[in-house]
*Asks:* 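Dumping the structure here so I can ask a few things about it.
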2 protein chains.
Amino acid sequence: MLLPPVIEKFVLHFGEMGGRWGINRTVGQIYALLFLSDRPLNAEEITEALGVSRSNVSMGVKELEAWRLVRKRHLPGDRRDHFEAPDDIWQIVRTLAEERRKREIDPTLSMLRDVLMETPSSPEERHAQGRMGEMHELIELLVGWSDDVQKLNNESLMQLLTLGASVSKLLDIKSKISGFVGGKRRSAGSEESS
Amino acid sequence: MLLPPVIEKFVLHFGEMGGRWGINRTVGQIYALLFLSDRPLNAEEITEALGVSRSNVSMGVKELEAWRLVRKRHLPGDRRDHFEAPDDIWQIVRTLAEERRKREIDPTLSMLRDVLMETPSSPEERHAQGRMGEMHELIELLVGWSDDVQKLNNESLMQLLTLGASVSKLLDIKSKISGFVGGKRRSAGSEESS
DNA sequence: CTATGATTTCTGTAACGACAGAAACTTGGA
DNA sequence: TCCAAGTTTCTGTCGTTACAGAAATCATAG
């Protein structure tokens, strides 16, 4: 790998972190490289920059495309594919949230729905189903919220984030104004406890 | 493994998902089992229920304790350690958010801070540092928000989630009432785009 | 202080994933 | 339609991680 030190540090870090995030080292490095690059890179350039095999790069960009974190780009007069990472980091956050949800949350939700349909045949199972019900409700709430937030534009999203904890004050104000919580969906408490 | 079918499905699912979440199969299964159980279990019981080795269970509960997802519990008149998963699922979400942040975000933040201190020696590096700056700013914003939300009690948290997208309307109302955004921290835009 | 049961750490093996290089395939120009 | 450049898939090797079973350590009751 022969990169400016600043870029190299970042790329190596993403490679290491890749492990924790469920993607492999090479994939992390490719993304890091493209994220920092000021122009689309072709597979050959990536191969040289990272010192990994050509085929490995091929697999890597494919995976990143599946995550929608990287786009193919055709430069006029060049037959080779070029790759780039979208610029808008807010959009990146949305994409990440969406894809992770699809992979990590949705399968669990569907399993929970299945299991909750079955009839318990012992107190032990009844208790277990109760717990699963709690979990299901909570996840649905989180997913619904996430869906809603996805739709916000960059500015509103930033406002929301900047607001932080003072949101609770805001909630107070709102309930005073409207007398009830307008967007209310469902009650989900944690009244059960050992 | 000899468990009621409802419980078994859940446990197996968590085992499989464990891979995607950066924990191994056994650890996922142990947590699932404890989450569903209506009483603390000792290591021997876990071993039998899951059909894995005693030592594996020992390592597993240790890791779960490090994540603060499982607690040791001493039952009077029994020398053996018992383990249980906290009941309050809201608290579980908070714990997960906190721990994942510690492991997955903080190291990146600190790397970014380091690299941003260095002086770029080429236009390429200058651009790269710009991107890293954007990323750093965004992550700080997300982390700050997450910190704030951590502090909310279950009820406020649920209110916030239930609110969903209508938060943007609320934001409008607020800016009309107060004339400025009170909790404002820093401006972080994504003005750059290709 | 010793013996016994419980728990953790150590060690070797087996399974899995990452990766390079080769082979097969695809695409665009002549 | 053929050729060349580019890309993807296949295959074998290497390194890592998960795991069981054995050994060592720790804690409590007598």
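First the proteins, then the strands, lettered A, B, ... as listed; each starts at 1. Note that the coordinates shown come from a computational prediction; the quantities given were computed from them, not determined experimentally. Note: hydrogens, waters and symmetry copies are ignored here, and every other heavy atom, side chains too, is used.
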*Asks:* Strictly below 4.0 Å, N to O, side chains only: are A:Arg39 and A:Glu45 in salt-bridge contact?
*Replies:* yes

*Asks:* Would you indicate, yes or no, if C:dT9 has its OP1 or OP2 atom less than 4.0 angstrom from a side-chain nitrogen or oxygen of B:Lys62?
*Replies:* yes

*Asks:* Send over the distance from A:Lys72 NZ to D:dG6 C1', rounded to a whole Å.
*Replies:* 11 Å

*Asks:* Please confirm whether the shortest side-chain N or O distance from B:Asn56 to OP1 or OP2 of D:dA18 is below 4.0 Å.
*Replies:* no

*Asks:* From CG of B:Asp78 over to C1' of D:dA29, roughly how many Å is that when rounded to an integer?
*Replies:* 14 Å

*Asks:* Any donor-acceptor pair under 3.5 Å linking the side-chain atoms of A:Arg79 with those of A:Asn42?
*Replies:* no

*Asks:* Under 4.0 Å from OP1 or OP2 of D:dT7: is there any side-chain N or O of A:Ser58 that close?
*Replies:* no

*Asks:* Could you pick out which residue, B:Val57 or A:Ser55, lies toward the 5' side of DNA chain D when each is mapped onto its nearest nucleotide?
*Replies:* A:Ser55

*Asks:* Can you tell me the distance, in whole Å, between the CE atom of B:Met59 and the P atom of D:dG21?
*Replies:* 16 Å

*Asks:* Identify whether the distance between the nearest side-chain nitrogen and carboxylate oxygen of B:Arg103 and B:Glu99 falls below 4.0 Å.
*Replies:* yes

*Asks:* Has the side chain of B:Ser53 got a donor or acceptor that lies under 3.5 Å from a partner of the other kind on the base of D:dG21?
*Replies:* no

*Asks:* Measure the distance from CD on B:Glu44 to C1' on C:dT8 and round it to the nearest whole Å.
*Replies:* 15 Å

*Asks:* Ignoring backbone atoms, test whether B:Asn24 places a side-chain nitrogen or oxygen under 4.0 Å from the OP1 or OP2 oxygen of D:dC19.
*Replies:* yes

*Asks:* Check the phosphate of C:dC19 against A:Thr26, side-chain N and O only, distance under 4.0 Å to OP1 or OP2. Yes or no?
*Replies:* yes

*Asks:* Is B:Arg25 close enough to D:dC19 that one of its side-chain N or O atoms is under 4.0 Å from OP1 or OP2 there?
*Replies:* yes

*Asks:* Mind calculating the distance between NE2 (B:His74) and P (C:dG5) to the nearest angstrom?
*Replies:* 19 Å

*Asks:* Identify whether the distance between the nearest side-chain nitrogen and carboxylate oxygen of B:Glu134 and B:Arg131 falls below 4.0 Å.
*Replies:* yes

*Asks:* Contact class for A:Asn42 vs. all strands (heavy atom < 4.0 Å): base, sugar-phosphate, or nothing?
*Replies:* nothing

*Asks:* Provide, to the nearest angstrom, the distance between the CD1 atom belonging to B:Ile23 and the P atom belonging to D:dA18.
*Replies:* 11 Å

*Asks:* Expressed as a whole number of angstroms, how long is the span from A:Glu48:CD to D:dG6:P?
*Replies:* 12 Å

*Asks:* Please check the phosphate of D:dT7 (OP1 and OP2 only) for any side-chain N or O of A:Arg54 closer than 4.0 Å.
*Replies:* yes

*Asks:* How many whole angstroms separate atom CG of A:Asp81 from atom P of D:dA5?
*Replies:* 17 Å

*Asks:* May I ask you to decide whether A:Glu65 forms a salt bridge with A:Lys62, counting only side-chain N to carboxylate O separations under 4.0 Å?
*Replies:* no

*Asks:* Counting distance alone, no hydrogens or angles: does the base of D:dA5 have a donor or acceptor under 3.5 Å from a partner atom on the side chain of A:Arg79?
*Replies:* yes

